[in-house]
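This report concerns only the one structure given below.
Since the structure is predicted, the reported quantities are computational estimates derived from the model, not experimental observations. Here is how names work: the chains are called A, B, and so on, in the same order as the sequence lines, proteins then strands, and each is numbered from 1. Only this structure's heavy atoms are used, side chains among them; waters, hydrogens and symmetry mates stay out.
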Protein chains: 2
Amino acid sequence: MPRKIKAYAEAGVDVDLGNRVKKGIHDLAAATHGPEVLGKIGGFGGLFRPNLKGMKDPVLVSSVDGVGTKLKIAFATGRHDTVGQDLVNHCINDIAVIGARPLFFLDYIGGEKLDPVVFRQILKGFATACKAGGCALIGGETAQLPGMYHPGEYDLAGTIVGIVDRPKMLDGSKIRPGDVLIGLRGNGLHTNGYSLARKILLQKLRLPLDKPARGMKSTLAAELLRVHPNYQPLMASLPAGMLRGAAHITGGGLLDNLPRVLPEGCRALINSRSWKIPMLFELIQHGGQVPEKEMYQVFNMGIGMVLIVPAALAGEAVRLTNGLVIGAVVKGAKDVVIK
Amino acid sequence: MPRKIKAYAEAGVDVDLGNRVKKGIHDLAAATHGPEVLGKIGGFGGLFRPNLKGMKDPVLVSSVDGVGTKLKIAFATGRHDTVGQDLVNHCINDIAVIGARPLFFLDYIGGEKLDPVVFRQILKGFATACKAGGCALIGGETAQLPGMYHPGEYDLAGTIVGIVDRPKMLDGSKIRPGDVLIGLRGNGLHTNGYSLARKILLQKLRLPLDKPARGMKSTLAAELLRVHPNYQPLMASLPAGMLRGAAHITGGGLLDNLPRVLPEGCRALINSRSWKIPMLFELIQHGGQVPEKEMYQVFNMGIGMVLIVPAALAGEAVRLTNGLVIGAVVKGAKDVVIK
C-alpha cells in the first residue's frame, strides 16, 4: 500500500520506528486486498483493476468524509481503533444508497507527531472495516504537521470509490406515493452530532465517560464510540428491484437526508412513535433542552438508514432487513414530515 | 458536487451564509465537469462514468495527499487560492508517473470554523487546477471541528483517481542501464520540506515574507507559495514508448523517490552540476547549515519530475519537454548516487 510518511530530521521523528510502523501498515492493508488490487509500483499510486464482467455501463461512485469530533472521544479515552472503522463504514453507506459496491478506500491522517501505537490503532480500524466491507485499503497519507494540531490529536479523512452498473443505479426516480419507508436501526450517534452531544453530556451535565449514564449498561465512552454500522451488505443482499431508494441518515438527520432521494411531488411522512428513540438521544435532548426538530436535524435518532420499497414488498423487506416500517411516501412537497 | 457542510446551531455558524457559499462551490465545481460526470443524485456520492473506449484492461490509479505546512505560509499571508492548486497538481503528478490520466478529485477541508471568503478561495484553487488538469472536482467534505484546529487555520487532504490501460502502464520494468535521466524543472519547494524551510528562513534567519530575499525578484511569500506544477500534460504528450519510467520528486527528494521506479540492478547516477540549484534551496542550505545529503532528501532541489528514456530518444525527449539531461541509469544497487 502506498503510504508516504514525512519524517524530517528537525521534527524529532524516530525514523527506524517509523519504518517498523510502516511495515505493520503494509501487513494490515495487504489483508484487505483481493484479486482486483495489483502489486504496487513504486508506491506513487494505488492500482485497482475493477472486475467489470457483466456490467453494461459501469459508473464510479465516490465520496469523502471525516469523523468529526467523535475524534475527541477517542482522544479522551485513548481508544483509537474504532474511529477508522467509523469512517470506512460511513463512506461505504454513502455510496450504498446509490446501489454501489465499494472497491477501494484511501485514508488521510494529519497530526502533530507520529505516535506509532496510536497510528497503528487507527490503521487497524481502517483495515478491519475495509476487510469486513469487501473494500481494499489501497492508499494513505500520514502528514506530520508541526504546529498545526494539538499534541496527541489528529484529524482523519477518508475517500471511497465504488462501482455500480448504471441500469441498477438507485436514483430515486422510481419512488412513488404509497411506497413504504423501512428504517434500519442504528447503534448510537454514528458519526454525527458529536459537537452538540459533547457539549451537553460532558460539559453541561458533566457525565463521566468511564461510567454508564442513566439507563445504559455500558460506559458513556463505549456508547459514544460504538462503530457506525455498515448497512451495505444487507442492502446488497436484497432481491433486485426491491429497493427504490435509500438514504443514509448522517449530518442533517432524517429531515435533511431523506429529501435528497425523493423525486418531485413526493413527501416522506414519518411516524416518530414507530421506533423507540434510544436513551442516548433522550439524554441529550432533555439534558440540553434541545428542540425536537433540531434533534431530528442533527442526530439519526436511532435510524441509521432508510430504505424505500414498494408497499407490496414491504413485508418481505422488513423480514430480510430486520428493519421497521417507520412511514410512507405520500403526495406533497419534496420534504419530510415527522408526526 | 456533493459537499456536506456540518453546521450545528451551537457552533455559531451562519447557515444562510453557508448556503450562499455552497452555491458558489457548486458553480466552481461544475466548471470542471466534462461529459464523464453524471448529474448528481441526492448528493451522497459523486458519479463518474469513465470513457473506457479503446482500453484493453483499464486500471484505476489513485493517490491521497496533503499540502503539509505550506499551509502555514497561506495562513501567514492570507492567500488561500494557491494551496488547493498545489494539492491537485501534486496528486495528478503522483499518478502520472504510472502513466495514468486523472479522472476525478475529492477534497477534504478540516477547520475550526467556516470563513466563507477563505473557504471560497481554497475551493477556487481546487477548481482552477482541476479544470486546467482535465480532472473533475467531483466531491468534497468541509468539516467544522470546534476545538480541533487553531482559529483561522485548516488542513487539506485530496484524493485523486485516474485511469491507465494496463499495457501502457509505466512500471519501470523496461528501464535498463544506459537509459538517460531527464529532469523537468521545478519552480520552488512545491509541496515538500516546508517545516524545515520555515524553521530556517522565518525563525532562524528571520526573513520577512513580504520582501524579496537575497537574489530573488519576488517576495519570499510569493516564492514559497508558487504553485506546484502539473507535469502530466507534458508527459502525456510524449510519443508512445518514449517513457520507460518517471519519478515525482516529492518528500524524500531525488534520493528516495527515484529508487521507487528502478528495477533491480539499476542505479541512478546524477550529476548535480547539470542544473542550477535555485537560490531558494541555497538560501535554506547555507542559512541552516543543512548537510547536502539531507537537502536532496527533503527538497526537490529544482527538479520536480524525472523521466527515464532510452539513450537514443534522449535528444528528442529534451526537446519535447524542455528538460535537462541530469544523469543516467547505470548497473548497480537500486539506489541513487549524486556526484
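In this structure, the separation between CE on B:Met148 and OG1 on A:Thr69 is 8.0 Å, given to the nearest 0.5 Å. With values rounded to the nearest 0.5 angstrom, B:Asp65 atom CG is found 11.0 Å from A:Leu106 atom CG. Here CZ of A:Arg49 is found 9.5 Å from CE of B:Met169. Values are rounded to the nearest 0.5 Å. Atoms CD1 and CG, on B:Ile98 and A:Leu47 in that order, are 5.0 Å from each other to the nearest 0.5 Å. Between B:Arg166 atom CZ and A:Leu38 atom CG the span is 4.5 Å, to the nearest 0.5 Å.
Side-chain contact between A:Leu60 and B:Leu60 is present, with heavy atoms from C-beta onward closer than 4.5 Å.
Aromatic ring pairs are classed by plane angle as parallel below 30°, tilted from 30° to 60° and perpendicular above 60°; the pair A:Tyr149 and B:Tyr149 is tilted.
If you measure heavy-atom distances from A:Ile163 to chain B, you find no contacts under 4.5 Å at all. Residue A:Leu262 does not touch chain B at all, counting heavy-atom pairs closer than 4.5 Å. For chain A, no part of B:Asp256 is nearby; none of its heavy atoms comes within less than 4.5 Å. With a threshold of 4.5 angstrom between heavy atoms, A:Ile200 does not approach chain B through any atom at all. In this structure, the portion of A:Tyr154 lying under 4.5 Å from any heavy atom of chain B is its backbone and not its side chain. Proximity to chain B is absent for every atom of A:Ile160, based on heavy atoms less than 4.5 angstrom apart.
By the neighbour-count criterion of 12 heavy atoms within 6.0 Å, atom NZ of A:Lys168 is sparsely surrounded, having that number or fewer from other residues, nucleotides or ligands.
Top candidate by heavy-atom pairs under 4.5 Å with chain A, chosen from B:Asp155, B:Leu145, B:Leu103, is B:Asp155. Contact tally against chain A (heavy-atom pairs below 4.5 Å) for B:Cys91, B:Pro50, B:Gly110: the top residue is B:Pro50.
Contact record, B:Val64 with A:Tyr108: CG2-CB, 4.1 Å, taken as the closest heavy-atom pair.
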Where do B:Thr159 and A:Val161 land on the side-chain contact (heavy atoms from CB on, under 4.5 Å) test, with the steps shown first? CA-CA 10 Å; B:Thr159 302; A:Val161 175; over 6 Å; no
The test is side-chain contact (heavy atoms from CB on, under 4.5 Å); show your working for A:Leu52 and B:Leu52 and say whether it passes. CA-CA 11 Å; A:Leu52 304 175; B:Leu52 303 175; 3.8 Å; yes
